[in-house]
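Before any comments, here is the structure.
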Amino acid sequence: MVLVSKNSSPRFDRLLKPGRWVRDFVDDLAVASPARLAIGSFVAVVAAFAILLMLPASMRDPGSVDQATHIANSVFVAVSAVCVTGLTPVVTEEYWSDFGISVITAGIQVGGLGILTLASVLGMAVSRRLGVRQRLIAQQATSALNLGQVGSLLKTVVITIFTAESILAVLLFPRFLIRGESLGDSIWYSVFYSISAFNNAGFTIHEGGAAYFASDPWILSLLMAGVFVGSLGFPVVLMVAMFWNRPSRWDLHTKLTLTTTTTVLAIGLLLLALFESANPATLGDKNAGHTFVEVLFMAVMPRSGGFATMEVADMSQASHLLMDLMMFIGGGSSSTAGGIKVTTVAVLVLAAYAEARGLQDVHVFGRRLTSSTIKLSISILLTGAMIVFIGTLTMLQISAEPLDRVLFEVISAFGTVGLSSGVSATSPDSGLYVLSVIMLIGRLGTITLAAALSMQDSVRLYRYPEERPVVG
């Protein structure tokens with residue numbers, strides 16, 4: 001029995017109770033630097049899954065691959081799974097054993113849960129520094145207002161994710177049975193693809209990837225639905241679920257996300273159909289009905305889905321450039337989708353439109369956007385563009401692939417999309433490590449940057465004289 005004096009120091013109490021010390025350390029770090037906590041947590045999770053994938057039990061043929069190459073493959077796939085990207089330098093069903101595929105599936109699930117909860121908790125940390133109106137909106141969107149309610153928020157996030165995945169799995173299951181799969185395989189495929197689709201991971205375990213289901217509109221439609229809903233973001237899904245019959249009560253974030261998402265999807269659908277309808281390597285020899293389903297599928301996937309029914313390398317360069325833009329934009333905030341986010345693009349377009357018309361304020365849906373929101377959107381855009389530029393330059397020096405394919409692969413990694421032009425499969429080990437870093441930065445960069453900049457509220461006691469340089 002250990003007696004502790006009432007006057008004992010807090011440091012001594014922490015030594016006696018290491019669990020409390022760890023909890024207090026995490027709490028202090030979360031308050032002092034949410035970005036460091038986010039980055040440290042994800043790196044630790046990636047390291048754990050990479051170690052599991054390095055085990056001989058994770059490989060289908062352990063003696064067929066060089067050890068250094070296997071380590072690079074394991075790190076790359078671990079990052080890709082936890083960051084819910086879907087890029088892979090190897091054929092998943094051929095390289096990894098059943099145990100390895102199970103590890104990848106767990107990585108996708110943990111990564112998806114971590115991303116949504118991380119974004120929501122950081123959003124709450126930011127909301128503590130917002131005004132009354134913004135805090136009420138945050139409370140309505142996340143069912144939590146302060147860090148003391150993290151438990152209830154996490155519970156809501158977990159229930160939402162598992163409910164959506166369960167619905168998707170139940171709808172996929174009978175179709176796999178109809179296709180002739182055994183009962184056990186049908187259950188496994190349904191669970192795997194529901195997790196991969198809703199979390200926007202894009203991993204597949206069938207030969208040819210999603211092209212294996214190119215003639216099955218039922219499975220393609222469910223994969224599209226899972227990717228689309230998962231990429232909207234937790235606040236939007238929750239808001240629509242609560243007020244599905246009263247759109248007037250939707251907050252500005254939900255309206256902007258849905259409007260911009262629909263617009264980008266419609267433009268992508270029309271242009272992809274125009275660019276690929278005469279391409280014999282993709283859609284040139286297929287009927288109109290089949291063409292529409294495949295084009296719609298490929299228009300949804302650059303949001304961050306990563307599934308593909310046609311070879312990206314066979315698509316036209318015009319389609320590559322269009323998909324580059326769509327992948328860079330990505331999906332909704334606080335979602336498993338990557339990119340700079342649709343709301344960022346919406347704010348920038350609205351600000352440019354207001355400036356072109358000489359308007360002093362930026363208005364949308366009866367609301368006025370703050371100048372801090374516009375500045376934050378500009379910061380995210382420039383940061384994302386710089387990451388892609390530096391990553392492309394680096395990969396051009398490492399790989400022997402042309403600019404078109406390298407740029408596509410780097411943007412896919414940054415946007416955690418998973419569509420591949422083939423660069424990942426041909427890159428040396430150093431290239432895989434570079435792409436791994438890009439995936440991590442792309443996954444965490446925009447979330448932590450937005451949170452860090454939003455929480456900064458320094459006030460100067462003086463202002464310099466105003467002067468406008470010549471612009472344009």
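As the structure is a prediction and not an experimental result, all values here were calculated from the model. Because only heavy atoms are used, hydrogens play no part in the values below, and waters and symmetry mates are left out as well, while side chains stay in.
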Q: Show your working on side chain to side chain contact (heavy atoms under 4.5 Å, CB included) between Val434 and Val410 and close with a plain yes or no.
A: CA-CA 10 Å; Val434 170; Val410 169; over 6 Å; no

(Q) For a 4.5 angstrom cut-off between non-hydrogen side-chain atoms, does Val240 reach Leu258? (A) yes

Q. In Å and rounded to the nearest 0.5 Å, what is the CE to CE distance from Met59 to Met54?
A. 12.0 Å

Q. Will you find, in the side chains of Glu165 and Ser194, an N or O donor that is under 3.5 Å from an N or O acceptor?
A. no

Q) Less than 4.5 Å apart, any side-chain heavy atom of Trp96 and any of Val103? A) no

Q: Decide yes or no for Ile219 and Phe176: does some side-chain heavy atom of the first lie under 4.5 Å from some side-chain heavy atom of the second?
A: yes

Q | Taking every non-hydrogen atom, the tightest pair across His70 and Val65 | A | N-CG1, 4.0 Å

Q: Check the side chains of Ser231 and Ser335 for a donor-acceptor pair under 3.5 angstrom, ignoring hydrogens and angles.
A: no

Q) Does any non-hydrogen side-chain atom of Ile104 lie less than 4.5 Å from one of Leu53? A) yes

Q: Go through the steps for Thr343 and Ser333 under the test side-chain hydrogen bond (donor to acceptor under 3.5 Å, both in side chains), then give the verdict.
A: CA-CA 7 Å; Thr343 46; Ser333 301; 3.2 Å; yes

Q | Phe173 backbone acceptor or donor facing Ser190 side chain under 3.5 Å | A | yes

Q: List the steps and the verdict of side chain to side chain contact (heavy atoms under 4.5 Å, CB included) for Leu269 and Phe292.
A: CA-CA 9 Å; Leu269 174 64; Phe292 175 78; 4.2 Å; yes

(Q) Once rounded to the nearest 0.5 Å, what's the spacing between atom CG of Leu435 and atom CD of Glu409? (A) 6.5 Å

Q.
For a quick test of reading the model, state the closest non-hydrogen atom pair linking Arg443 to Ala337 and the distance between them.
A. NH2-O, 2.9 Å

Q) Heavy atoms, side chains only, cut-off 4.5 Å: are Thr88 and Asn73 in contact? A) no

Q) Tell me, do Thr282 and Glu294 make a side-chain contact under 4.5 Å, heavy atoms counted? A) no

Q | Shortest non-hydrogen contact from Leu168 toward Leu222 | A | CD1-O, 3.4 Å

Q: Please check if the side chain of Ser80 supplies one atom and the backbone of Phe76 the other of a donor-acceptor pair under 3.5 Å.
A: no

Q: Check Val46 against Ala78 and note the closest heavy-atom contact, atom names and distance.
A: O-CB, 3.8 Å

Q: Heavy atoms only: give me the nearest Ala308-Ala210 pair and the separation to one decimal.
A: O-CB, 3.4 Å

Q: Quick one: which residue pairs count as a salt bridge (Lys or Arg N to Asp or Glu O under 4.0 Å) with a foot in residues 213-242, not counting sequence neighbours?
A: Arg175-Asp216, Arg179-Asp216

**Q.** Exceeds 12 heavy-atom contacts within 6.0 angstrom, atom CD of Glu93
**A.** yes

Q. Does Met315 offer a backbone N or O that forms a donor-acceptor pair with the side chain of Glu276 under 3.5 Å?
A. no

Q) CZ of Phe389: more than 12 outside heavy atoms within 6.0 angstrom? A) no

Q) Given the rule in the side chain to side chain contact (heavy atoms under 4.5 Å, CB included) test, do Ile71 and Tyr433 qualify, once you have shown the distances and angles that lead to the verdict? A) CA-CA 10 Å; Ile71 291 175; Tyr433 290 124; 3.7 Å; yes

Q) With no hydrogens and no angle check, do the side chains of Ser166 and Thr163 hold a donor and an acceptor under 3.5 Å apart? A) no

Q. Looking only at heavy atoms, which two atoms of Phe99 and Leu52 are closest? And how far apart?
A. CE2-O, 4.2 Å

(Q) Whether the side chain of Ser64 engages the backbone of Asp61 through a donor-acceptor N/O pair (distance < 3.5 Å, no angle test) should be reported. (A) yes

Q | Distance in Å, Leu232 CG paired with Thr254 OG1, rounded so as to fall on 0.5 Å steps | A | 9.5 Å

Q) So, does Ser196 use its side chain to make a donor-acceptor pair with the main chain of Phe192 at under 3.5 Å? A) no

**Q.** Any donor-acceptor N/O pair, Lys341 side chain to Gly339 backbone, under 3.5 Å
**A.** yes

Q) When the ring centroid of His206 is compared with that of Tyr193, is the distance short of 6.0 Å? A) yes

Q) Ile340 versus Phe328: any side-chain heavy-atom pair under 4.5 Å? A) yes

Q: Quick one: do Ile205 and Ile101 satisfy side chain to side chain contact (heavy atoms under 4.5 Å, CB included)? Show the steps, please.
A: CA-CA 8 Å; Ile205 50 177; Ile101 294 176; 3.9 Å; yes

Q) Given side chains that start at C-beta, do those of Thr344 and Ile378 come closer than 4.5 Å, heavy atoms only? A) no

Q.
Nearest 0.5 Å, please: how far is CZ in Phe275 from CG in Leu321?
A. 8.0 Å

Q) At what distance, to the nearest 0.5 angstrom, does CD1 of Ile161 lie from CG of Leu113? A) 4.0 Å

**Q.** Any side-chain donor near an acceptor of the partner, Ser186 and Glu181, under 3.5 Å
**A.** no

Q: Return yes if some donor-acceptor pair links the side-chain N/O of Thr259 with the main-chain N/O of Leu256 below 3.5 Å, else return no.
A: no

Q.
To the closest 0.5 Å, what do you measure between OG1 (Thr69) and CD (Gln67)?
A. 9.5 Å

Q. Do the side chain of Ser304 and the main chain of Thr416 share a donor and acceptor less than 3.5 angstrom apart?
A. yes

Q. Would you say Ser427's side chain and Val423's backbone share a donor-acceptor pair under 3.5 angstrom?
A. yes

Q: Output yes when a side-chain donor or acceptor of Thr85 lies under 3.5 Å from a complementary backbone atom of Ala413, and no otherwise.
A: no

